[in-house]
Asks: 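What follows is a single structure, and I will ask about it in a moment.
Order of the sequence lines fixes the chain letters, A, B, ..., with proteins taken first and strands second; residue numbering starts at 1 for each chain. Note that this is a predicted model, so its numbers are computed, not measured.
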2 protein chains.
Amino acid sequence: MLALTKKTGYALVAMSHLSRLDRGSLASAREIADLFDVPTSLLMNVLKQLASVGYVESVRGARGGYRMAVDPENVSLADLVGVLEGPVRLAECVTEVAGDDTECTCQVMANCPVADPLHRAQRKLKDFLASVTLGEIVKPAPAPTENKG
Amino acid sequence: MLALTKKTGYALVAMSHLSRLDRGSLASAREIADLFDVPTSLLMNVLKQLASVGYVESVRGARGGYRMAVDPENVSLADLVGVLEGPVRLAECVTEVAGDDTECTCQVMANCPVADPLHRAQRKLKDFLASVTLGEIVKPAPAPTENKG
DNA sequence: TGAAACCGTACCATAAGAGTGCTATATATG
DNA sequence: CATATATAGCACTCTTATGGTACGGTTTCA
């Protein structure tokens with residue numbers, strides 16, 4: 001439906017919270033879940049996934065928890081989506097091979113008249129997602145200049 | 001999974017085909033389905049939906065079919081997604097009320113730290129989708145300058 | 001009259017998403 | 001050492017959306 005999944009949403013919330021902690025401070029999954037009223041078990045899964053790719057660092061045991069392992073400025077929406085939802089695919093036939101290149105896998109529509117344009121649109125969408133960094137998300141608001149909504 | 005649905009894909013294909021026909025010419029659902037190897041019944045449904053919102057015009061009876069009812073330049077990806085998949089929602093809590101404005105419906109996360117930024121990102125995504133018109137899709141390629149994929 | 005084509009709607013099957021549970025392991029604390 | 005806390009890993013269910021199909025009806029051309 002062209003929407004981020006809840007997992008990605010939860011990841012954004014959790015990581016933005018972690019980003020705001022003092023350097024080295026920990027927050028447990030339960031703590032974050034309580035704070036934002038999200039299902040604890042699910043948030044645990046998300047944090048585990050984020051830890052497995054190195055975006056956050058985990059400390060086990062009592063008084064353990066999670067902390068940021070990377071600079072929020074270096075994590076984009078595209079990165080998170082890639083980890084939690086799989087590669088961005090504007091259309092089914094557009095598969096991203098590297099981080100930048102796309103490959104056409106139109107098996108059904110041999111004469112597909114929109115393949116090339118979709119690839120271009122896909123690139124633009126990817127660029128857009130890559131331009132939104134967690135750093136921006138963490139900050140309250142960039143500039144009231146163009147604030148319309 | 002942050003992807004367009006197949007329905008939207010089929011709509012793009014069908015409408016791009018219709019856009020290339022001579023002014024006033026008709027193409028039947030079956031004809032288009034055969035041409036691009038997509039399921040006939042499904043394409044019928046899609047075209048019916050497109051007709052119901054006035055993007056294409058239907059002519060009933062034998063020798064009937066569909067033709068474009070609007071200028072392809074005036075139909076954007078955002079429009080098609082809106083018709084076939086419902087409103088674009090980058091996150092669940094971001095609901096678009098008008099064509100431009102968004103409304104926050106965060107029921108779960110009262111303290112959501114990413115609501116505002118997501119609204120901004122949603123706007124940007126919407127703008128992006130609105131910037132991709134069917135007219136561009138129909139054209140083969142804009143300029144070989146930046147063609148990389 | 002019959003075939004072709006759209007119309008409307010309802011239906012089903014599969015896959016993806018959302019969420020839960022359980023067991024194991026690591027660590028701080030008493 | 002025992003216990004509580006917390007992550008790790010896995011597997012499972014439930015719900016929803018998507019993809020696809022079917023049927024009866026209406027319109028039009030031949």
Side-chain angles (χ1 to χ4, degrees), chain A residues 1-11 13-14 18 25-34 37-67 69 81 83-89 91-93 107-109, chain B residues 1-11 13-14 18 25-34 37-67 69 81 83-89 91-93 107-109:
Chain A
M1 190 223 286
L2 203 65
L4 299 179
T5 63
K6 291 197 173 184
K7 276 175 75 173
T8 307
Y10 295 158
V13 171
L18 293 178
S25 293
L26 296 171
S28 71
R30 178 179 309 273
E31 192 181 326
I32 302 177
D34 283 352
D37 273 312
V38 298
T40 308
S41 309
L42 190 48
L43 190 61
M44 283 177 168
N45 286 336
V46 172
L47 283 168
K48 273 183 276 190
Q49 235 174 316
L50 293 176
S52 73
V53 296
Y55 286 165
V56 302
E57 201 174 353
S58 66
V59 175
R60 301 175 67 153
R63 315 239 48 311
Y66 293 92
R67 71 166 77 98
V81 169
V83 167
L84 297 167
E85 311 187 20
V88 176
R89 298 196 307 178
E92 198 195 16
C93 65
Q107 302 166 344
V108 197
M109 288 180 269
Chain B
M1 190 224 287
L2 204 65
L4 299 179
T5 63
K6 289 197 175 185
K7 275 174 76 172
T8 307
Y10 295 158
V13 170
L18 293 178
S25 293
L26 296 171
S28 73
R30 180 179 306 275
E31 192 181 325
I32 302 176
D34 284 352
D37 272 315
V38 299
T40 307
S41 308
L42 187 49
L43 189 62
M44 282 178 167
N45 285 337
V46 172
L47 284 168
K48 271 182 278 187
Q49 235 174 315
L50 293 176
S52 74
V53 296
Y55 287 166
V56 302
E57 200 174 353
S58 66
V59 175
R60 301 176 67 153
R63 314 279 256 87
Y66 292 93
R67 72 166 75 100
V81 169
V83 167
L84 296 167
E85 312 186 19
V88 176
R89 298 196 307 178
E92 198 195 16
C93 64
Q107 303 167 342
V108 197
M109 287 181 269

Asks: Round to the nearest Å and state the distance from B/Arg89 atom CZ to C/dG17 atom C1'.
Replies: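 From B/Arg89 CZ to C/dG17 C1': 13 Å.
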Asks: Within this structure, what is the CG-to-C1' distance between A/Leu4 and C/dA18, rounded to whole angstrom?
Replies: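 Spelled out: CG on A/Leu4 to C1' on C/dA18 is 15 Å.
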Asks: Taking the side chain as every heavy atom from C-beta outward, state whether A/Val13 and A/Val38 have any atom pair closer than 4.5 Å.
Replies: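 A/Val13 vs A/Val38: side chains apart.
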Asks: If I compare all heavy atoms of A/Leu26 with all of A/Gly64, which pair ends up nearest, and what's the gap?
Replies: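 In this case the closest contact between A/Leu26 and A/Gly64 is CD1-C, 4.0 Å.
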Asks: Quick one: is B/Lys6 getting a side-chain N or O under 4.0 Å of the D/dT18 phosphate, OP1 or OP2?
Replies: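 For B/Lys6, the contact criterion (side-chain N or O under 4.0 Å from OP1 or OP2 of D/dT18) is not met.
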Asks: Counting side-chain heavy atoms from CB outward, which of D/dT7, D/dC29, C/dA5 is closest to B/Ser28?
Replies: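 The listed nucleotide nearest to B/Ser28's side chain is C/dA5.
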Asks: Which atom names give the shortest non-hydrogen contact between B/Ser25 and B/Arg67, and what distance separates them?
Replies: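 It is O-CB, 3.4 Å.
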Asks: Among B/Leu42, B/Leu47, B/Val46, B/Thr40, which residue meets the side chain to side chain contact (heavy atoms under 4.5 Å, CB included) test with B/Met44?
Replies: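 For B/Met44, the side chain to side chain contact (heavy atoms under 4.5 Å, CB included) check succeeds only for B/Thr40.
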Asks: Rounded to whole Å, how long is the line connecting atom OH of A/Tyr66 with atom P of D/dA8?
Replies: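 For the pair A/Tyr66 OH and D/dA8 P, the rounded distance is 4 Å.
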Asks: Can you sort out which residues in residues 46-62 of chain B have a heavy atom within less than 4.0 Å of DNA chain C? Ascending by number, please.
Replies: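 Only B/Lys48, B/Ser58, B/Val59, B/Arg60, B/Gly61, B/Ala62 qualify.
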Asks: Check the phosphate of C/dA18 against A/Tyr10, side-chain N and O only, distance under 4.0 Å to OP1 or OP2. Yes or no?
Replies: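 Answer no for this pair, as no side-chain N or O of A/Tyr10 is under 4.0 Å from OP1 or OP2.
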Asks: Do A/Glu85 side-chain atoms and A/Thr8 backbone N/O form a donor-acceptor pair below 3.5 Å?
Replies: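 Between the backbone of A/Thr8 and the side chain of A/Glu85 there is no qualifying donor-acceptor contact (under 3.5 Å).
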Asks: May I ask you to say what B/Thr5 touches in the nucleic acid, namely base, sugar-phosphate or nothing, with a heavy-atom cut-off under 4.0 Å?
Replies: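 Sugar-phosphate, no base atom in range.
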Asks: Does CZ in B/Arg30 sit with more than 12 non-hydrogen atoms of other residues, nucleotides or ligands closer than 6.0 Å?
Replies: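 Atom CZ in B/Arg30 is not crowded, with 12 or fewer foreign heavy atoms closer than 6.0 Å.
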Asks: Could you grab the distance from atom CG of A/Leu50 to atom CG of A/Asn45, nearest 0.5 Å is fine?
Replies: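 Separation between the atoms: 11.0 Å.
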Asks: Between B/Thr8 and A/Glu31, who's closer to the 5' end of DNA chain D by nearest nucleotide?
Replies: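 Of the two residues, A/Glu31 wins.
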Asks: With side-chain contact (heavy atoms from CB on, under 4.5 Å) as the criterion, how do A/Leu4 and A/Leu84 come out once you've worked through the C-alpha distance, each side chain's angles and the decisive distance to 0.1 Å?
Replies: CA-CA 10 Å; A/Leu4 299 179; A/Leu84 297 167; over 6 Å; no
Asks: Find the distance B/Met44:CE to D/dG19:C1' and express it as a whole number of Å.
Replies: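 Interatomic distance, CE of B/Met44 to C1' of D/dG19: 17 Å.
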Asks: If every non-hydrogen atom of B/Leu18 is compared with every non-hydrogen atom of B/Tyr66, which pair is closest and at what distance?
Replies: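 For B/Leu18 versus B/Tyr66, the nearest heavy atoms are CD2-O, 3.4 Å.
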Asks: Whole-Å distance between C/dA16 C1' and A/Leu84 CG?
Replies: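 Distance check: A/Leu84 CG to C/dA16 C1' gives 15 Å.
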Asks: Expressed in angstrom and rounded to an integer, what is the separation of B/Leu18 atom CG from C/dC6 atom C1'?
Replies: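 The answer, rounded to whole Å, is 14 Å.
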Asks: Between A/Leu2 and A/Arg30, who's closer to the 5' end of DNA chain D by nearest nucleotide?
Replies: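 Its nearest nucleotide being more 5', the pick is A/Arg30.
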Asks: In this structure, how many angstroms lie between the P atom of C/dA16 and the CD atom of A/Glu85, rounded?
Replies: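 Result: 13 Å.
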Asks: Minimum heavy-atom separation for B/Ala14 and B/Leu43, please, with both atom names.
Replies: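 In terms of heavy atoms, the two residues are closest at CB-CD1, 4.0 Å.
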Asks: Using whole Å, what does the distance between atom C1' of nucleotide C/dA5 and atom CZ of B/Arg67 come to?
Replies: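 It works out to 14 Å between those atoms.
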Asks: Starting from the first five and the last five pairs of the helix from C/dT1-D/dA30 to C/dG30-D/dC1, work out the angle between the resulting helix axes, to 10 degrees.
Replies: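 Overall, the helix from C/dT1-D/dA30 to C/dG30-D/dC1 bends by 0° from one end axis to the other.
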Asks: Is any N or O donor-acceptor pair between the side chain of A/Asn45 and the base of C/dT20 shorter than 3.5 Å?
Replies: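 Indeed there is one.
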